[in-house]
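One structure is given here, and the rest of the page talks about it.
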Amino acid sequence: MRVLVVEDEQLLADAVATGLRREAMAVDVVYDGAAALERVGVNDYDVVVLDRDLPLVHGDDVCRKIVELGMPTRVLMLTASGDVSDRVEGLELGADDYLPKPFAFTELTARVRALGRRTSVPLPPVLERAGIKLDPNRREVFREGKEVQLAPKEFAVLEVLMRSEGAVVSAEQLLEKAWDENTDPFTNVVRVTVMTLRRKLGEPPVIVTVPGSGYRI
């Protein structure tokens, strides 16, 4: 899942991004509304975590633009105000969910995951394919009933492959969904991660390389 965090309080923004990355999400961070509009115009995000009171371009205007463009991106709006009228106003702008500050990080994570599930074809909460069971909420992976310990990026790559339901996923698509924009697109990080993931999942191999196209399960 790829997430954009838009928050002008830099310490909070960076803390949220770090926490979401630990949950195997690819996260970009910006600190004002103008930068947010630039990012959503270039990258495809599953979820935007959007502070309402932003400098340069207000969060309301960022939300309106996302809705106007018809993007499948889901918006989780944050605000320091907990008034019901503010929450209603934010939802009427087109936000998909609303979370007042201060918030528990576990709740933020759960809301982001729930919104991320809405951006694609509905799938069961626990993904199963080729003897592998992956639970995104618990961040657990089992193969033939045996738990497999994965690093966050390995988990993210496996989740993308399993959500594709057998379709081929290119290295570029994996890079976009599992890494943030600071990753060098010419690096071999995808190939190395897939190799490590194959080894951890064990024999027989379940991740198939499709020459010139990508990978599938």
Side-chain angles (χ1 to χ4, degrees), residues 1-69 71-120 125-126 135-140 151-153 155-156 159 177-183:
M1 184 189 302
R2 189 163 187 181
V3 179
L4 176 64
V5 174
V6 190
E7 167 62 64
D8 63 326
E9 296 181 40
Q10 294 193 18
L11 290 177
L12 176 59
D14 293 343
V16 168
T18 298
L20 293 178
R21 288 175 183 135
R22 288 173 179 164
E23 296 295 318
M25 300 180 197
V27 185
D28 298 332
V29 185
V30 294
Y31 309 110
D32 62 73
L37 289 176
E38 179 184 345
R39 291 299 192 283
V40 298
V42 174
N43 301 318
D44 293 327
Y45 293 102
D46 297 297
V47 179
V48 174
V49 179
L50 179 66
D51 183 41
R52 191 170 185 184
D53 300 312
L54 292 171
L56 301 184
V57 178
H58 197 274
D60 289 359
D61 296 319
V62 175
C63 185
R64 285 192 191 97
K65 190 64 175 178
I66 291 173
V67 173
E68 287 173 6
L69 292 174
M71 296 176 171
T73 303
R74 302 297 179 174
V75 176
L76 171 59
M77 189 169 278
L78 306 178
T79 183
S81 174
D83 291 345
V84 172
S85 60
D86 286 336
R87 294 200 296 271
V88 170
E89 187 177 349
L91 294 170
E92 288 180 343
L93 288 168
D96 298 278
D97 200 357
Y98 200 94
L99 188 61
K101 301 175 185 176
F103 51 80
F105 181 74
T106 51
E107 182 179 5
L108 173 71
T109 303
R111 289 175 181 265
V112 169
R113 286 203 178 279
L115 290 176
R117 288 195 292 270
R118 297 186 201 171
T119 62
S120 56
V126 177
D135 187 331
N137 295 319
R138 295 178 178 273
R139 290 199 62 243
E140 294 177 341
K153 290 303 180 190
F155 187 95
E159 183 175 358
K177 289 293 186 181
W179 281 268
D180 59 38
E181 63 184 2
N182 296 316
T183 304

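Numbering starts at 1 and runs along the sequence shown. We use all heavy atoms of the structure for the numbers below, so side chains are in, but hydrogens, waters and symmetry mates are not.
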- request: Check whether any side-chain heavy atom of Val112 sits under 4.5 Å from a side-chain heavy atom of Met1, and report yes or no.
  value: yes

- request: Measure the CG-CG distance between Asp60 and Leu54 for me, rounded to the nearest 0.5 Å.
  value: 9.0 Å

task: Output the distance between atom CG (Leu78) and atom CG (Leu76), rounded to the nearest 0.5 Å.
output: 5.0 Å

query: Does Glu107 have any salt bridge (Lys or Arg N to Asp or Glu O under 4.0 Å) partners at least two apart in sequence or in another chain, and if so, which?
result: Arg111

- prompt: Hey, what do you get for CZ (Arg21) to CH2 (Trp179), rounding to the nearest 0.5 Å?
  reply: 14.0 Å

query: Can you name the residues that form a side-chain hydrogen bond (donor to acceptor under 3.5 Å, both in side chains) with Lys153, not counting sequence neighbours?
result: none

- request: Identify, with sequence neighbours excluded, every residue that meets salt bridge (Lys or Arg N to Asp or Glu O under 4.0 Å) alongside Arg139.
  value: none

field: Verdict with reasoning, Val6 to Val62, per side chain to side chain contact (heavy atoms under 4.5 Å, CB included)
entry: CA-CA 10 Å; Val6 190; Val62 175; 5.8 Å; no

statement: What one should report as the nearest heavy-atom pair of Asp28 and Tyr45 is OD2-OH, 2.7 Å

Interatomic distance, Glu23 atom CD to Thr106 atom OG1 [nearest 0.5 angstrom]: 10.0 Å

message: side chain to side chain contact (heavy atoms under 4.5 Å, CB included) for Val57 and Leu37? Distances and angles first, verdict last.
response: CA-CA 9 Å; Val57 178; Leu37 289 176; 4.0 Å; yes

query: Taking Thr79 for the side chain and Arg52 for the main chain, is one N or O donor matched with an acceptor at less than 3.5 Å?
result: no

- request: Check side-chain hydrogen bond (donor to acceptor under 3.5 Å, both in side chains) between Arg39 and all other residues, then give those that pass, not counting sequence neighbours.
  value: Glu181

Shortest non-hydrogen contact from Cys63 toward Gly94: SG-C, 3.8 Å

- line: All heavy atoms of Gly59 vs all of Leu50, minimum pair found to be O-CD2, 3.4 Å

field: Ala13 versus Val5, closest heavy-atom pair with distance
entry: O-CG1, 4.1 Å

Nearest non-hydrogen partners of Ala24 and Ala156, listed with the distance: O-CB, 3.3 Å

message: Taking side-chain hydrogen bond (donor to acceptor under 3.5 Å, both in side chains) as the definition, give me every residue that meets it alongside Glu159, ordered by chain and number, with sequence neighbours left out.
response: Arg163

task: Please name the pair of heavy atoms, one in Val16 and one in Phe103, separated by the smallest distance, quoted to 0.1 Å.
output: CG2-CZ, 4.2 Å

- prompt: Can you name the residues that form a salt bridge (Lys or Arg N to Asp or Glu O under 4.0 Å) with Asp8, not counting sequence neighbours?
  reply: none

field: Value rounded to 0.5 Å, distance of CD1 in Ile66 from CG in Leu4
entry: 7.5 Å

message: Looking at Arg64, I'd like to know if its CZ atom is crowded, meaning that more than 12 non-hydrogen atoms belonging to other residues, nucleotides or ligands lie closer than 6.0 Å.
response: yes

message: I'd like to know if the side chain of Asp46 and the backbone of Arg2 have a donor-acceptor N/O pair within less than 3.5 Å.
response: yes

- prompt: Looking only at atom types and distance, does a side-chain atom of Glu7 sit under 3.5 Å from a main-chain N or O of Glu9, one as donor and one as acceptor?
  reply: yes

message: Any salt bridge linking Arg74 with Asp97? Criterion: basic side-chain nitrogen under 4.0 Å from a carboxylate oxygen.
response: no

query: Do Asp14 and Tyr31 pass the side chain to side chain contact (heavy atoms under 4.5 Å, CB included) test, and can you show the C-alpha distance, the side-chain angles, and the key distance before you say yes or no?
result: CA-CA 10 Å; Asp14 293 343; Tyr31 309 110; 2.7 Å; yes

